Amino acid sequence: MIVTVTANPSIDRTVEVGALVRGGLHRATAVHVQPGGKGINVARALVCNGIKARAVVPAGGAEGEQLISLLSDYSIDVVRVPTLGPVRMNVSVIEPDATVTKLNEPGARLTEQECRALADAVITASHKASCVILAGSLPPGVHHGFYADLINRLSGEDIRVVVDTSGPALRAAVAAGPALIKPNHHELEEAVQRPLSTLQDVIDAAQELRAAGAQAVLASLGRDGAVLVDENGTWHAEAPVVLARSSVGAGDAMLAGFLAAGGKGQAALVSAVAWGAAAVSLPGSTMPRPDDLRPHLVEVHPRIKAGRELRGDN
């Protein structure tokens with residue numbers, strides 16, 4: 001069983017438009033409403049591919065009821081932690097070239113009691129789990145060390161703890177020694193506090209975070225694929241996307257694919273990139289299913305072109 005923790009879940013509304021013009025009137029060509037938040041997306045991707053997942057989510061208000069209702073469409077074991085504040089609503093506007101403009105709400109403030117209840121629910125839900133994923137931003141009221149504290153509480157168990165977050169929460173979590181972190185390009189730059197313009201820059205940053213406590217780093221790089229750095233070496237992999245529709249949730253699909261293939265080494269990296277590329281070709285934050293995956297198209301570069309410039313996240 002893989003357990004995901006989404007401290008700041010959302011309801012994601014994705015609106016497709018012909019072109020986004022500031023101050024203009026836009027008529028949507030399509031609208032998708034899906035349960036959101038990094039951990040929820042990972043759980044959705046896993047169950048879409050026949051892998052059991054349990055999702056721990058704080059959820060309150062009418063929006064929380066809607067989130068739980070949307071999750072009922074998936075075979076996810078949902079552990080709901082009741083809260084007074086409502087679940088946030090996020091809006092993504094997508095143009096035909098897959099450019100995404102996002103409007104993310106901060107989320108409702110959690111009380112100290114709700115924070116304790118969430119942490120306790122994670123520990124209980126993780127009993128006999130093989131992996132726990134701590135994913136996404138922390139809502140107001142939750143201290144930056146929340147994920148780090150959970151890593152420490154789970155350290156006595158035979159559980160791999162994976163972290164996918166950013167900013168101070170990521171830095172605190174790294175120091176607690178997670179098995180894996182999965183930053184994207186921007187989050188990795190933020191973590192090491194410098195720009196990363198080449199693959200070698202990414203590798204150096206990943207090694208720096210490994211030295212700070214993370215056992216392995218899976219960095220998602222948008223059109224440049226992904227880089228994996230662990231105790232056994234460094235690999236870069238990428239895959240073509242014939243028609244990009246939406247990058248929303250692609251990094252979450254990548255993490256799910258990595259874990260689905262064992263969560264270690266080159267084979268898991270190939271799976272990760274295949275899942276991420278498939279997600280980009282789907283609308284909204286739709287997670288790929290087995291028929292969407294094309295692992296044979298993934299190219300792995302064990303000899304990394306260190307001076308290669310990155311093309312950006314889109």
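Below, each value reflects all heavy atoms present in this structure, side chains not excepted, and no hydrogens, waters or symmetry copies. The structure displayed is predicted, hence computed values, not measured ones.
With respect to Arg109 and Glu114, no salt bridge is recorded, no charged nitrogen being found less than 4.0 Å from a carboxylate O. Ion pairing of Asp230 with Arg210 is absent here, as no side-chain N (NZ or NE/NH1/NH2) approaches a carboxylate O to less than 4.0 Å. One finds a salt bridge joining Glu208 and Arg194 here, because a Lys/Arg side-chain nitrogen approaches an Asp/Glu carboxylate oxygen to under 4.0 Å. Asp12 has no carboxylate O lying under 4.0 Å from a charged side-chain N of Arg88, or vice versa, which leaves the two without a salt bridge. A salt bridge links Arg80 and Glu65; the closest N-O separation between the charged side-chain nitrogens and carboxylate oxygens is under 4.0 Å. With respect to Glu299 and Arg294, no salt bridge is recorded, no charged nitrogen being found less than 4.0 Å from a carboxylate O.
Annotation: side chain of Ser197 is in contact with side chain of Glu309 (closest heavy-atom distance under 4.5 Å). The closest side-chain heavy-atom distance from Ser137 to Ser166 is not below 4.5 Å. Considering only heavy atoms from C-beta on, Ile11 comes within 4.5 Å of Gln66 through its side chain. Proximity of Val57 to Ile40: side-chain heavy atoms (C-beta onward) are separated by under 4.5 Å at one or more points. Residues Leu118 and Thr83 form no side-chain contact, since every pair of their non-hydrogen atoms from C-beta on lies 4.5 Å or further apart. Looking at heavy atoms from C-beta onward, Lys102 lies out of side-chain contact with Asn90 at the 4.5 angstrom threshold.
Judged purely by atom type and a 3.5 angstrom limit, His26 uses its side chain to pair as donor or acceptor with the backbone of Gly24. Proximity of a side-chain donor or acceptor of Asn49 to a complementary backbone N or O of Pro288 within less than 3.5 Å is detected. Looking at Glu189, its side chain does come within 3.5 Å of a backbone N or O of Leu196 through a donor-acceptor pair. Under the 3.5 Å distance criterion, the side-chain polar atoms of Ser126 are matched with a main-chain donor or acceptor of Val122. In terms of modelled atom types and a separation under 3.5 Å, the side chain of Thr14 and the main chain of Gly284 share no donor-acceptor contact. The closest donor-acceptor contact from the side chain of Glu190 to the backbone of Gly167 lies under 3.5 Å. A donor-acceptor pair under 3.5 Å is absent between the side-chain atoms of Tyr147 and the main chain of Ala176, judged by distance alone. Of the possible polar contacts, one joining the Glu105 side chain to the Met89 backbone as a donor-acceptor pair under 3.5 Å is found. The backbone N or O of Leu228 lies less than 3.5 Å from no partner atom in the side chain of His236, so there is not a single donor-acceptor pair. Ser271 places a side-chain N or O within 3.5 Å of a backbone atom of Gly257 that can act as its donor or acceptor partner.
The hydrophobic clustering, which links ILVMFWY residues whose side-chain heavy atoms are closer than 4.5 Å, places Val79 and Leu110 together. Criterion: ILVMFWY side-chain heavy atoms under 4.5 Å apart, direct or through other members. Under it, Val81 and Leu71 are not part of a common hydrophobic cluster. Both Phe146 and Val174 are assigned to one and the same hydrophobic cluster, defined by single-linkage of ILVMFWY side chains at heavy-atom distances under 4.5 Å. Residues Ile51 and Leu293 do not share a hydrophobic cluster, defined by chaining ILVMFWY side chains whose heavy atoms lie under 4.5 Å apart.
Side-chain atoms of Lys38 and Thr6 include no donor-acceptor pair closer than 3.5 Å. No hydrogens or angles considered: nothing links the side chains of Ser155 and Asn152 as a donor-acceptor pair under 3.5 Å.
Taking CG from Leu282 and NE2 from His32, the interatomic distance works out to 10.0 Å, rounded to the nearest 0.5 Å. Rounding to the nearest 0.5 Å gives a distance of 3.5 Å between CD of Gln34 and OG of Ser285. With rounding to the nearest 0.5 angstrom, the CZ atom of Arg44 is 10.0 Å from the CG atom of Asp73.
The side chain to side chain contact (heavy atoms under 4.5 Å, CB included) test with Val162 is passed by exactly one of Leu218, Thr4, Leu180: Leu180.
Partners of Thr234 under the side chain to side chain contact (heavy atoms under 4.5 Å, CB included) rule, at least two apart in sequence or in another chain, are Ile203, Gln207, Val227, Val229, Ile304.
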